[in-house]
Amino acid sequence: MPNDIEILKTQIDQLTKAIELLTKANSELREEVRRLKGQNSKNSSKPPSHNYKANKPTGKPGGGQVGHKGFQRKRLNSEFIQTCSLDCCPHCGSHGLEEVGNLQPHQILELVDSGIVIGDYVRLRYRCTDCRRKVSTPLPKGFSRSPYGPRFQAMIVTLTSELHLSKAQVTKLVKSLYQVHLSDGTVCSIEARVAAALHPVYDELLESGLASKDVKYIDETSWREQYRTQYAWVFATKDTVVFEILEGRSRKHRHLFLGVDFSAPCVTDRYCVYSDFLDNHQHCLAHILRNFHAFSESSGIPGIVGKALEKQLKAVFAVWHSFKAGRIDRKTLLSRMGYRRRQLYDWLMDGIYSFDNKRLHGFCSHLIQDFGKMWTFLRIDGMEPTNNLAERCLRPLVLWRKKSLGTKSARGSRFVSIMSSLTQTLRLRCGSLLDFVHQSLSNPDVVLPLPTS
């Protein structure tokens, strides 16, 4: 029989070999992680959207660089020339006006049913014989100092915002369709002009959305602005969607977006920023179901508890879908939900008593503390148990972010916030972004279409 010392030596040798194997495996895994993290579009087949940009400026200013050839918009052949005149002095109302010349013709490109029309508007200058003040004729109603008409500008921002085309793609498309050469900077200027014109509509949309008593579905996602990570916040109701890009996703930024006194019924995920919502707050059950499914894939007690919790929560969704489809009434809904609620509570308590698994114990403890927030949708009419509405509204913005890699200025982020809000709101209200922007630029008093019943 071997003595105790020989047994210990054998065990030490075995442990030493095991440590060597684990150390080697750990080194290989670390190297693989380093290699995968270092992949980008230049050293692998990953697309440019996966490239990581450091949170620091490159030192180069934005726009055209020194030495690059400049681009100036050329005057095109006009199809007509229209003279703008005045009948009376806008200052004193006198009809005694004497013509003293004219300004340089203002060329405007505009879309019409047959394609594009280019015209020169000659603005005459007058001197009033009574008040002796010089006046210039304004452009026709609906036109601004921009060389592009309202419908043309509406088309440009629709292509860049709703359809997510890049500046280069927009300029190429316009040149192919209308033989008009635009620069990327011109597209950016049109976006800024439209954003400024639509900002009052956006402010009104934000104010009316927050003031309404409708259930709000709130979420946020990351955004990129000039080498910095920003966050796009969104709240959505049955007929209104509002985005705003802020510097962070803390409670302070939530207050900037929703206000300090926000108390409307809402649905969110379990992110800690929303933990101080006390009344009328619903946790998204779809997020919780995914957590249950993750535990169900484990072995041992966590797997057993996770499978049971997932089964009960899927039964909750089945009952809810039956109610939404009209197969059961509200009394039956509450009766069946009461049984599922008790079952979920019992299994969560079993998870709390699983002290050997800290992750399961902590997760179930947090759910028990906010257990009432899983069932708010049962007492508030019109509230859904998931945050799917906000996530569906965020999806186009995420696709825009992946394609554009974010924005390069606060002006660009403001354009994204305004146009995303109007696009999603008009989608819910069965409206057209192109028509609405056209009408807004032509008539500043235009309002959003009413929600469809």
Side-chain angles (χ1 to χ4, degrees), residues 6-58 219-232 247-250 269-273 283-284 286-311 313-314 347-348 350-367 387 391 394-395 397-406:
E6 292 177 350
I7 294 175
L8 291 174
K9 287 183 178 181
T10 303
Q11 293 178 346
I12 290 173
D13 292 340
Q14 293 174 348
L15 291 174
T16 301
K17 291 180 181 180
I19 291 173
E20 291 175 353
L21 292 174
L22 291 174
T23 303
K24 182 180 178 180
N26 185 44
S27 300
E28 292 175 351
L29 290 174
R30 286 178 176 272
E31 178 63 23
E32 181 68 11
V33 170
R34 186 196 65 78
R35 184 186 69 83
L36 293 175
K37 284 186 174 181
Q39 286 185 348
N40 52 49
S41 62
K42 295 182 179 180
N43 58 20
S44 70
S45 58
K46 287 189 173 183
S49 59
H50 285 74
N51 290 353
Y52 175 76
K53 292 185 178 180
N55 288 327
K56 59 181 181 180
T58 61
D219 207 350
E220 73 288 327
T221 188
S222 60
W223 187 261
R224 195 77 170 175
E225 179 192 306
Q226 191 63 20
Y227 313 107
R228 299 188 303 272
T229 300
Q230 309 279 66
Y231 290 91
E247 293 181 352
R249 60 194 294 245
S250 66
D269 54 25
R270 296 175 56 248
Y271 183 40
C272 61
V273 164
H283 279 162
C284 176
H287 285 77
I288 297 175
L289 181 62
R290 290 195 286 268
N291 297 137
F292 289 165
H293 182 73
F295 281 111
S296 70
E297 295 177 336
S298 305
S299 58
I301 298 299
I304 296 174
V305 175
K307 288 183 177 66
L309 290 170
E310 183 182 16
K311 178 181 178 181
L313 195 51
K314 284 183 176 179
W347 279 107
L348 287 174
D350 289 341
I352 290 178
Y353 292 135
S354 301
F355 298 105
D356 295 338
N357 191 295
K358 293 183 179 180
R359 180 165 162 264
L360 178 62
H361 170 78
F363 177 76
C364 293
S365 298
H366 289 149
L367 276 188
N387 202 25
E391 293 184 346
L394 275 179
R395 183 60 180 165
L397 187 73
V398 171
L399 295 176
W400 194 354
R401 179 192 67 201
K402 286 182 175 294
K403 187 170 184 179
S404 66
L405 304 181

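Under the 4.5 Å side-chain criterion, counting only non-hydrogen atoms from C-beta, Leu360 is in contact with Phe295. At a threshold of 4.5 Å between non-hydrogen side-chain atoms, the residues Val273 and Arg249 do not count as touching. Counting only heavy atoms from C-beta outward, the side chains of Leu367 and Phe292 approach each other to under 4.5 Å. No side-chain heavy atom of Asn357 sits under 4.5 Å from any side-chain heavy atom of Ile301. For the pair Glu20 and Thr16, the minimum side-chain heavy-atom distance is below 4.5 Å.
The distance from the CG atom of Leu29 to the CG atom of Leu22 is 10.5 Å, given to the nearest 0.5 Å. Taken from SG in Cys364 to CG in Leu348, the straight-line distance is 5.0 Å, to the nearest 0.5 Å. In this structure, the separation between CG on Asp13 and CG on Leu8 is 11.0 Å, given to the nearest 0.5 Å.
Taking the six-membered ring where tryptophan is involved, the planes of Trp400 and Trp223 are perpendicular, since the angle between them exceeds 60° and thus also 30°.
Each side chain to side chain donor-acceptor pair (under 3.5 Å) pair with one or both residues in residues 290-304, not counting sequence neighbours, appears once here: His287-Arg290, His293-Glu297, His293-Glu310, Ser296-Glu310.
More than 12 heavy atoms of other shown residues, nucleotides or ligands fall within 6.0 angstrom of atom OH in Tyr271.
The existence of a salt bridge linking Lys9 and Glu6 is excluded, since no basic side-chain nitrogen approaches an acidic carboxylate oxygen closer than 4.0 Å.
When all heavy atoms are compared, the tightest approach of Glu247 to Gln230 is CA-OE1, 3.2 Å. Taking all atoms of both residues into account, the shortest heavy-atom contact from Leu397 to Ala232 is CD2-CB, 3.4 Å.
Listed by chain and residue number, Phe355 satisfy the ring-ring contact (aromatic ring centres under 6.0 Å, His included) test with His361 (two or more places apart in sequence, or in another chain).
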